[in-house]
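Have a look at the structure below before the remarks.
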Amino acid sequence: MPLPFDDDPKFTAYANPERLVSTQWLADHLGDEGLAVVESDEDVLLYETGHIPGAVKVDWHLDLNDAVTRDYVDAAGFAKLLGGKGITRDTTVVIYGDKNNWWAAYALWVFALFGHPDVRLLDGGRAKWVAEGREFTTDVPSPAAVDYPVVQREDGGVRAFKEDVLGFLGGQLVDVRSLPEYTGERTHMPDYPDEGALRGGHIPGAQSVPWARAANEDGTFRSRAELDAIYRQEKGLTPSEPVIAYCRIGERSAHSWFVLQHLLGFPNVRNYDGSWTEWGNSVRVPIARGTEPGDVPAP
Amino acid sequence: MTDTSDLTAALGGIVDDFNALTTADRLQLLLEFSTGLPELPERYAAHPELLEGVPECQSPIFLIVEVDGAGPDAPVHLFFSAPAEAPTTRGFAGILHEGLNGLTAADVLAVPNDISDRLGLAEAISPLRLRGMAGMLGRIKRQVREKSGI
């Protein structure tokens, strides 16, 4: 039995308001039957310093990625992970995290690969909960393991591979990295570790929309009108055509995927998780440099 | 047993402590190092521009090395600045502070560059995140070389 949706007036303008909850909604529903709260952060120790009471931790490196192949966990691995956290297929899952919900959105996207029915983001994430002086605890819950069904991962709907992108050149590509990464001035984020790309630049034809433009200073999502102004009016993106978003390893673009898919209601949005660490290391793929999307090579 | 024969007593003790724990408890120990990292003294807190950034880390961290005098026997002092919202990075800094602070310049330069791989943290926090600690050590050593003249 899913929990009621948050009828916060801010959310009603979004395409899928049922994908967001406010900090107040979460505070009101903590401990409810059928609710699981998941923290997913960039910093792997942040959960241990204190978390929302009852929240369990899911780490992208350790829990969501396959340890050997560059891929996500498989159906059995996902079932084991969620069952071990006390999450059933019917559980309402609310995910929150640091850095504007960057990794929380990434976790939500992986949940979407497995079609988990009811998974929501906490608008404003960890930072808003902190700013409002809400309760934190270092008590780590130990939920009783439950059965989560082994559901095959469906990569077709919301995930794009390099071959898909090669066949998509000329379509609506969105590069959500920082501008110096887009132009090719640098191959990784300022002040972040370099995961290694041999070439700098962007996929020809891709529009530059740095991911954090979708967030307010307090980490909440911008309003529907502001998001429309950025993605539709300024960048000319249209929901009538498919979109593929990418970044460096697919995490920042999962955040933009959430915005396009669930807040703006674009029906066909995929995240290219290979992103620049694959494209910028691939032999003979086309690359554009500079501030313009650049010429798309003839097929 | 992880080899500690080429480590100083303090660093060898830290490596032994981590490896004696379960993976989950290693995270807790890293958290203790994170909370135990000393605050910057006033002369640096008021002048953050004197500290060097470590872009290999996922979160912002800044460090500076002081060497008393010159030569291989000159004692080394380490100072770090990292926000509380970056506990992993603070934890790395805390380990390096406890393991290296007060050693001689020669001893700091002799610390093996793979020290971050010996803590048994790869499976607890992922190998990629450990790169930041190696980045810190590299910068510490470079500053020690420059300032000690050896």
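Per chain, numbering begins at 1; letters A, B, ... match sequence-line order. This is a predicted model, so every value here is computed, not measured.
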- Item | Toward chain A, the part of B:Glu123 with a non-hydrogen atom under 4.5 Å |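 Backbone of B:Glu123 only, per the 4.5 Å heavy-atom cut-off to chain A.
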- Are there residues of residues 29-36 of chain B that reach to under 4.5 Å of chain A by heavy atoms, and which ones?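 Within residues 29-36 of chain B, near chain A: B:Leu30, B:Leu31.
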- Message: According to salt bridge (charged side-chain N to carboxylate O under 4.0 Å, His left out), does anything in residues 62-77 of chain B pair up with another residue at least two apart or in another chain? List the pairs.
- Response: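 The answer is B:Arg43-B:Glu66.
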- Message: Listing request: all salt bridge (charged side-chain N to carboxylate O under 4.0 Å, His left out) pairs with a residue in residues 96-122 of chain B, at least two apart in sequence or in separate chains.
- Response: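 For residues 96-122 of chain B, and leaving out neighbouring residues, the salt bridge (charged side-chain N to carboxylate O under 4.0 Å, His left out) pairs sorted by first residue read B:Asp6-B:Arg118, B:Asp114-B:Arg118.
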- With a cut-off of 6.0 Å (strictly less than), are more than 12 heavy atoms of other residues, nucleotides or ligands near NZ of B:Lys147?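 Counting other residues, nucleotides and ligands, NZ of B:Lys147 exceeds 12 neighbours.
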- Would you sort out whether A:Asp98 and B:Glu85 count as a side-chain contact (heavy atoms from CB on, under 4.5 Å), showing the intermediate values? CA-CA 9 Å; A:Asp98 60 353; B:Glu85 310 82 72; over 6 Å; no
- Item | Part of residues 49-57 of chain A lying next to chain B, heavy-atom separation under 4.5 Å |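 Against chain B, the residues of residues 49-57 of chain A that fall inside the cut-off (heavy atoms, under 4.5 Å) are A:Thr49, A:Lys57.
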- With a 4.5 angstrom heavy-atom cut-off, which part of A:Asp41 approaches chain B: side chain, backbone, both or neither?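 The answer is the backbone of A:Asp41.
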- Which answer fits A:Leu62, side chain, backbone, both or neither, if we ask what part of it has an atom under 4.5 Å from a heavy atom of chain B?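 Just its side chain gets close to chain B.
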- Is it true that A:Asp59 and B:Arg129 have a side-chain N and a carboxylate O under 4.0 angstrom from each other?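 The answer is yes: the pair qualifies as a salt bridge.
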- If you look at every heavy atom in A:Val44 and B:Thr88, which pair is closest and at what distance?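 Shortest heavy-atom separation between A:Val44 and B:Thr88 comes out as CG1-OG1, 3.4 Å.
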- Query: What is the distance from atom CG of B:Leu27 to atom CD of A:Glu48, rounded to the nearest 0.5 Å?
  - Reply: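 Answer rounded to 0.5 Å: 5.0 Å.
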